[in-house]
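Notes for the one structure printed next.
Residue numbers begin at 1 in each chain, while the letters A, B, ... track the order of the sequences. Computed from heavy atoms alone, side chains included, the values below leave out hydrogens, waters and symmetry copies.
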Protein chains: 2
Amino acid sequence: MAFSDVSTPDVGALFERVPKATLRAHVVERLRGAILAGDIPPGAPLVETSLSERFEVSRGPLREALRQLIEEGLVVTVPYTGTRVAELSVEDVHEIYSLRTVLETFAFEQVWPRRDDRFRAELRRRNEALIASIDAGDDRASILNELEFHGLVYEVSGHRLLQRAWNGLRGRLQLYWAAHHRAHGRRGPKRDSHDSYIKAAFGADLEAMRREIADHMRRGVETTERFLRTMPTSSGKPKRGDNS
Amino acid sequence: MAFSDVSTPDVGALFERVPKATLRAHVVERLRGAILAGDIPPGAPLVETSLSERFEVSRGPLREALRQLIEEGLVVTVPYTGTRVAELSVEDVHEIYSLRTVLETFAFEQVWPRRDDRFRAELRRRNEALIASIDAGDDRASILNELEFHGLVYEVSGHRLLQRAWNGLRGRLQLYWAAHHRAHGRRGPKRDSHDSYIKAAFGADLEAMRREIADHMRRGVETTERFLRTMPTSSGKPKRGDNS
DNA sequence: CTGTGCCAGATTGTCAACAATCGACCATCA
DNA sequence: TGATGGTCGATTGTTGACAATCTGGCACAG
């Protein structure tokens, strides 16, 4: 999955410590998947006891899983009262995309001087995978592929805190994209947008790349914002105890 | 504490919901304080059972507190084996300061067009508080004041995700500064550095402010890196079960 | 002397019961 | 009718005991 594994099979990796998966990690994956798939829509209550029997775990690991999803921005909680899936808002969209612009630009600045051919090749490969999934009409794969595409530059940067910051945005972004694709079916033709992105990434002009990133994000925030405005408020607040 | 409270006493705030403090939150504060004060030095093991009796809590809340400190970068853990205070490294210093440069520049760009006089006044106030604590030789207060000083622009930006990113850096920064000040006593004369920072912040030239931030961070990373190199490796890894 | 397998202690992971708190509902009264 | 106070169910917070896993050292064979 990591960039270095893509092009250079590392024999040493075969002997890597494979830590036994904890229940918490498992619950995080499943719960995150359920939220991003829309099985549990934004605003829906997340009751610890219900979830613990749904996932067949006790409340201990479940609580820790919820805390992690709170960190990722997928879940919000208020002490002694309740926990629910995060709601969507236009303010968040602006924050996500503006910060993303800054981070992705910085990531490219880190990678740029290296003239890394493997990076570029892998970027093209991921772009083709993305195009393929779009053409196939597979929305779920398209979202994942788009995240993989944009994630590459963070991986290659080797900047762990930067990767961490990207991870903090990734889940939030996915939440919006997933809601969008559920509401509107396949997402518009992104092909052109990615073509120019790729072209700039392969060029020699860093300033042009900066502009390209800014434009790319501008288009993203417009699309997402327009979508959000069509569903005025995601729902009348569900009261305590409903489990739609 | 929030910026808006500084200049405009808000009567409504008196009636604000004051959430009952949970044990977890309390433990987080105390444990973080102990780490940042150096009571528990980098690399020292954090055994859940010991800590739970030290803080007179059960392991449940304590574990959740540890998870939060992991998020903040103050603690590292490996499943089924152990948890310890994060070690210091020069790579981390570079990452912290480079990301900080990007974020703080972005924060200033957000605030800049507003020509916010209250922001500038508060910035000056916090700078004077910082100078005062430096002159008084109070290292602990100086660190806190420096964080408050730089934190202002994030608060004023109103950008929650940006504030969140800053919070992710804040603890890590504090860890290094605290170690530095324990090793070397009072930190060098930062007065000049802050004078030019303030001057640029009050000027009209955003580009000059960008340069000032970059320079400021460059000085910071140099100082911290030089300090780290004097303590080659913070210690031979303490073995399992030692509790220094 | 070197490597290998096993054992014991230490540490984290998990569970199920209990306590504290909150929010909605309803009866009551001005 | 509108406000007010109490009560009850629902939900999260906390606890102590138990299970799973890892690490380091030691005996033993080569």
Side-chain angles (χ1 to χ4, degrees), chain A residues 15-31 40 43-71 74-86 236-244, chain B residues 15-31 40 43-71 74-87 235-244:
Chain A
F15 300 98
E16 240 170 32
R17 274 272 293 101
V18 179
K20 173 86 175 185
T22 63
L23 283 187
R24 184 190 72 253
H26 191 200
V27 170
V28 167
E29 280 183 33
R30 293 230 291 157
L31 186 52
I40 316 177
L46 296 170
V47 180
E48 294 178 1
T49 50
S50 313
L51 291 176
S52 78
E53 67 185 49
R54 167 169 175 175
F55 293 123
E56 296 174 294
V57 230
S58 78
R59 281 181 55 222
L62 189 106
R63 278 172 63 87
E64 298 189 3
L66 281 177
R67 286 287 144 77
Q68 178 166 340
L69 293 178
I70 291 172
E71 281 300 312
L74 299 182
V75 164
V76 294
T77 187
V78 32
Y80 285 110
T81 327
T83 308
R84 51 184 62 220
V85 179
K237 307 178 186 178
K239 299 302 183 194
R240 191 190 185 93
D242 77 348
N243 48 347
S244 52
Chain B
F15 300 97
E16 238 169 34
R17 271 275 292 102
V18 179
K20 174 86 175 183
T22 62
L23 283 187
R24 184 190 71 252
H26 192 191
V27 169
V28 167
E29 280 183 33
R30 293 230 289 157
L31 186 51
I40 315 177
L46 295 170
V47 180
E48 293 178 0
T49 50
S50 314
L51 291 175
S52 78
E53 68 184 49
R54 167 170 176 175
F55 292 122
E56 295 174 298
V57 227
S58 75
R59 281 181 54 220
L62 188 104
R63 280 173 61 87
E64 298 189 5
L66 282 177
R67 285 290 144 81
Q68 178 166 341
L69 294 179
I70 290 172
E71 280 301 313
L74 300 182
V75 164
V76 294
T77 188
V78 34
Y80 285 112
T81 52
T83 308
R84 50 185 60 221
V85 180
E87 308 249 15
S235 67
K237 308 179 186 177
K239 299 303 182 193
R240 190 190 187 91
D242 77 346
N243 49 344
S244 53

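- Counting only heavy atoms from C-beta on, T81(B) has its side chain closest to dC22(D) among dA17(D), dT12(D), dC22(D).
- Rounded to whole Å, atom P of dT12(C) lies 16 Å from atom CD of E64(B).
- One can place CZ of R84(B) at 12 Å from C1' of dT11(C), the figure rounded to the nearest angstrom.
- Here dT11(D) is the nucleotide among dT11(D), dT15(D), dT21(D) with the atom lying nearest to any side-chain atom of V47(A).
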- side chain to side chain contact (heavy atoms under 4.5 Å, CB included) evaluation trace for L31(A) with L66(A): CA-CA 9 Å; L31(A) 186 52; L66(A) 281 177; 3.8 Å; yes
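- Rounded to whole Å, the distance from CD on E48(A) to P on dT21(C) is 16 Å.
- Using a 4.0 Å heavy-atom distance criterion, L46(B) is classed as a sugar-phosphate-only contact.
- Summarising the geometry, the separation between CG on L66(B) and P on dT12(C) is reported as 8 Å, rounded to the nearest angstrom.
- An OP1 or OP2 oxygen of dG13(D) is reached within less than 4.0 angstrom by a side-chain nitrogen or oxygen of R63(A).
- Proximity note for Y80(A) (side chain, C-beta onward) versus dT14(C), dG13(D), dT15(D): the nearest is dG13(D).
- Relative to the side chain of R59(B), the nucleotides dA20(C), dT12(C), dA17(C) differ in distance, and dT12(C) lies closest.
- In this structure, CZ of R24(B) is placed 13 Å from P of dT15(D), rounded to the nearest angstrom.
- Residue contacts for G60(B): at a heavy-atom cut-off of 4.0 Å it reaches a base atom on one of the strands shown.
- Between T83(B) and dT12(C) there is a side-chain N or O to OP1 or OP2 distance below 4.0 Å.
- Distance from the side chain of P61(B) is smallest for dT15(D) among the nucleotides dA17(D), dT12(D), dT15(D).
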- Pair V85(B)-V76(B), side chain to side chain contact (heavy atoms under 4.5 Å, CB included): steps then yes or no: CA-CA 6 Å; V85(B) 180; V76(B) 294; over 6 Å; no
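- Looking only at distances, no side-chain donor or acceptor of R24(A) sits under 3.5 Å from a matching main-chain atom of A65(A).
- If you take CG of L23(A) and C1' of dA19(D), they are 12 Å apart, rounded to a whole angstrom.
- Distances shorter than 4.0 Å separate some side-chain N or O of S58(A) from OP1 or OP2 on dC15(C).
- For dG13(C), the OP1/OP2 oxygens have a side-chain nitrogen or oxygen of R67(B) closer than 4.0 Å.
- Rounded to whole angstrom, the span from the NE2 atom of H26(A) across to the P atom of dG13(C) amounts to 17 Å.
- Here the side chain of T22(A) is nearest to one of dT12(D), dT14(D), dG13(C), namely dG13(C).
- Between the side chain of T77(B) and the backbone N or O of G82(B), at least one donor-acceptor pair lies under 3.5 Å.
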- Query: Run the side chain to side chain contact (heavy atoms under 4.5 Å, CB included) check on R67(B) and E71(B) step by step: do they pass?
  - Reply: CA-CA 6 Å; R67(B) 285 290 144 81; E71(B) 280 301 313; over 6 Å; no
